[in-house]
Amino acid sequence: MAIITPYNHTKYTSPIQELLETVSLYLHIPFCHTRCHYCDFNTYAGILPLREPYIRALLTEIELAGQLARRAGGTPRRSRTIFFGGGTPSLLSVAQVTRLLNACRKAFAVDEDAEITLEANPGTLSFEQLAGLRAAGVNRLSIGAQSFDAELLNTLGRIHSPAEIAQALRNARAAGFTSINLDFMFGLPGQTMRHWQDTLDQALALHPDHFSLYSLIIEEGTPFYTWTQEGRITPGDEDLCADMYEYADERLQAEGYKNYEISNWALPGHQSRHNLTYWQNLPYLGMGAGAHSNFAGRRFSNVLDPQQYINLLKLQQRPEAESEIIDRVQEMSETAFLALRTAQGLHLPTFEERFAEPFASFAGNRLRTVEEAGLLEQEDGWLRLSKRGRLLGNEVFFRLLPD
Ligand code: SF4
């Protein structure tokens, strides 16, 4: 038996073929109170009245997806994780989340101990709601904190204060959540190293179980893009971002958080099982407007517009907008470079078991230069980026892309 995910909640020892028979479920909730200034996700402000029709459409899509994913013989497909992402899933009522979870449990064989995550905005969370979500079966909370600096939160266009982040985390603990992630961003306009250190200090004082830290990326079409073009804001430069990343890594590791993927740190037993699905290139079905799926040799995505999504589902039509076949070579290449983003790296015997071909024969000479440059290291059957390789990961990744 190959050990696939030694960082997981439960020590997972299923062979890769068994994992490939499972599916992770992602439910997209495209509602926000207001749009943050940097955000280019498929989410909308001012359409809250669509919430109920949207939930009904999502319930229909879950049922259709369950049929699509049925195994030979007609039994429902096993699911190990469910993730409510957005948008702002915490804008849903407990009753709406409960209906969606019940639909998932009906359409799929959801594990008793499945990891069920909900993304939450600290400006939208009450204790009663958190207690209700916990009772409904949500067992992991991912809180979009972004910064503990009030001025920076304002620059970002966030609707919450630093005090609300702390309150949300305390409420979540009191409501029984034992697995909580905090998201933060660095490289923000006007953010100094001191701001970043203060944010991490305040975050660590709250003892979350998991951190996701992202450097700001200025996306076209956002207010931040326009303001950068106009010279009104200046994001942190590359050197400052690298220093902030390095500082965070050292600080979090010293506090017992393991950097298990480039942007993610967790206390033992708190790695995100759902996100590991993506990094292990395992099947997932995304449901909701604009959601992406990777299932049965195809990658596909839904229509972006929530109203169009609702209209299609009313007619019992699958809302797929784009689709691409993933051939074997592409799957091999993606499996390798996604695994190399993680700290544990690529498990070579598992790769061979999955594709009936050794990684060395697939890679041929492609990686020779980066191996000679010391960007990769191998130990006990695991191939991973070296410390230097982690700073130059793209040099490795592009060599793995199909010709
Ligand atoms: S809350 Fe999240 S999804 Fe909504 S606008 Fe802000 S960054 Fe985007």
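Since we're looking at a predicted model, the values are computed, not measured. Counting starts at 1 for both ligands and their atoms, in listed order.
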- Any non-hydrogen atom of Arg158 lying under 4.0 Å from ligand 1? yes
For ligand 1, which atoms, with element, lie under 4.0 Å from some heavy atom of [X]?
X	result
Tyr38	7 (S)
Phe41	3 (S), 8 (Fe)
Thr34	5 (S)

- Inter-residue atom distance Gln167.CD - His160.NE2, 0.5 Å rounding: 14.0 Å
- Task: Tell me, yes or no, whether the heavy-atom count around Arg318 atom CZ, taken from other residues, nucleotides or ligands under 6.0 Å, exceeds 12.
- Result: yes
- Task: Examine Cys36 and say whether one of its N/O/S atoms is closer to atom 6 (Fe) of ligand 1 than 2.8 Å.
- Result: yes
List the closest protein heavy-atom neighbour of [atom]: residue, atom name, distance to the nearest 0.1 Å.
atom	value
atom 8 (Fe) of ligand 1	Cys39 SG, 2.3 Å
atom 4 (Fe) of ligand 1	Cys32 SG, 2.3 Å
atom 3 (S) of ligand 1	Gly87 N, 3.2 Å

Please confirm whether [X] and [Y] have ring centers closer than 6.0 angstrom.
X	Y	value
Tyr284	Tyr26	no
Tyr245	Trp265	yes
His292	Tyr278	no
Phe355	Phe362	no

